[in-house]
Number of protein chains: 2
Amino acid sequence: MATILPVADPADPRLDDYRDLTTADRRPDRPGGRGLVIAEGVVVVRRLLASPYPVRSLLGVPRRLDELAGDLSGVDVPAYAADADTMAAAVGFHLNRGVLAVADRAAPVDAGTLVRGARSVAVLEGVNDHENLGSLFRNAAALGVDGVLLGPRCADPLYRRSVRVSMGHVLRVPFAELTGAWPASLDVLRRAGLRVAALTPEPGAVPLATAGLGGHRVALLLGAEGPGLTDEALAAADLRVRIPMAPGVDSLNVATAAAVAFHAVGAVVS
Amino acid sequence: MATILPVADPADPRLDDYRDLTTADRRPDRPGGRGLVIAEGVVVVRRLLASPYPVRSLLGVPRRLDELAGDLSGVDVPAYAADADTMAAAVGFHLNRGVLAVADRAAPVDAGTLVRGARSVAVLEGVNDHENLGSLFRNAAALGVDGVLLGPRCADPLYRRSVRVSMGHVLRVPFAELTGAWPASLDVLRRAGLRVAALTPEPGAVPLATAGLGGHRVALLLGAEGPGLTDEALAAADLRVRIPMAPGVDSLNVATAAAVAFHAVGAVVS
């Protein structure tokens, strides 16, 4: 059972985790980075409490902590209760969601472990926008994708903005970095029995609807909006699929294209 | 051929259309609304110039106007050239896209005219978020949907934020308000020979992938994220379809769900 501890002084050192939120989520190997995982709002805090990330504490207005009472019953962490002004003074800006939680990062998941037994995964190259990455995780969660593999030049899914835009689903959908030489590192997928399907607007690619991915074990390889996948990544895929687009239209947003492809793979059994 | 006119004084009355951009896009029937259509950035300005909206003028830094020289060659409008500081002083905030264009609204399109001959359309109820609406138009354009019908409580697609998020596709994809009693007004679709398919997370709905929409003339009925479609709208549809979702996950963003459905309808012939 979490302990509710009223805090009236914004300078209280027990709130130190909540200062400089704009840098606290940086990875520990980056300047100022403490590698903290920050959840904002009742829905996302709830997902953090249910996640494997070790929660350090919560900070919220009493009304929001009350909403979380059921989620906090099995958790032994301090929950600091403060009014909105004290919270704003501690954090440095006004928060409109009324509750925050802070956790440590969990031990990294090994890519080989993640893909073993997975029905479908997403593999990302150069998806370096935190909002797109967060949206992609939200879509992966909704559409039943088992995990996300991060290739080169991807953003950090545990940045505050990614966590928020994902609605906390980065805390639920397992992810792992694909280390080693790229794109040779894709072999871990093939060794696990997954077909690597690259999503590309290339006219020569197979239309998604007729690629026959539904019901198969598939790794969907996705690049950033704009540049798309590199030639090396495309060459390393087992097949290339495309979403048919109207003439003269830019590509879809990467998270949106991913959702269309996730649905086509049909990971959620209807 | 557009005339390039250098402007050095931010108070120059020829720039009056560019003041108070945050209210200028309001519909003329709203407080302070002038009903102007505002395009920001080279890509969106280009789409405005190619649209049926009567362009009043452009305002940009010389480099951006140069990029648009080809698009401006057949257009007889003033293009005011200013430096970034003059632009910022006139507009009231700093713009990072370097070029704006302003147009008047075009005459409304009649819903009956829009749906005649359409292969697929989207019909919206209560989609009142400008960003979601803009994203939805972008997805409709990319995936070849012929038009968008606005039912009750929808946002205005011509607000600046919608125009920007749509990447200018609200200026390309025809839209019309569905006037008259809702949802009886959906009859205009049936009279035009379109099947009305409501997208809903209801477990009793038919999974999208097996609903057999591909290749048919379809009107996709979409509600806002969160509340979804009203019971009245659901009851008025010819069939109900759902995107299978993983347990315990909130709905997809409405524009993302729309993209998945647009792809399933298969409006773009691959």
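Scanning all heavy atoms of the two residues, the minimum distance from A:P247 to B:R172 falls at O-NH2, 3.9 Å. The two atoms that bring A:A142 and B:V249 nearest to each other are CA-CG1, 3.4 Å, heavy atoms only. The two atoms that bring A:G248 and B:R47 nearest to each other are O-NH2, 3.8 Å, heavy atoms only.
Within a 6.0 Å sphere centred on CZ of B:R161, other residues, nucleotides and ligands contribute 12 heavy atoms or fewer.
A heavy-atom distance below 4.5 Å is found between the side chains of A:L143 and B:I243. Counting heavy atoms from C-beta outward, B:R138 and A:N253 have side chains that approach closer than 4.5 Å.
Looking at A:P203, neither its backbone nor its side chain comes within 4.5 Å of chain B, counting heavy atoms on both sides.
Residue with the most contacts toward chain A among B:A246, B:S135, B:A259, B:G214: B:A246 (heavy-atom pairs, distance under 4.5 Å).
Atom CZ in A:F262 sits 11.0 Å away from atom OG1 in B:T256 (nearest 0.5 Å).
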Run the side-chain donor-acceptor check on residues 194-202 of chain B: report pairs under 3.5 Å with partners two or more places apart or on a different chain.
from, atom 1, to, atom 2, distance (Å)
B:T200, OG1, B:E202, N, 3.1
B:E202, OE1, B:R240, NH1, 3.0
B:E202, OE2, B:R240, NH1, 3.0

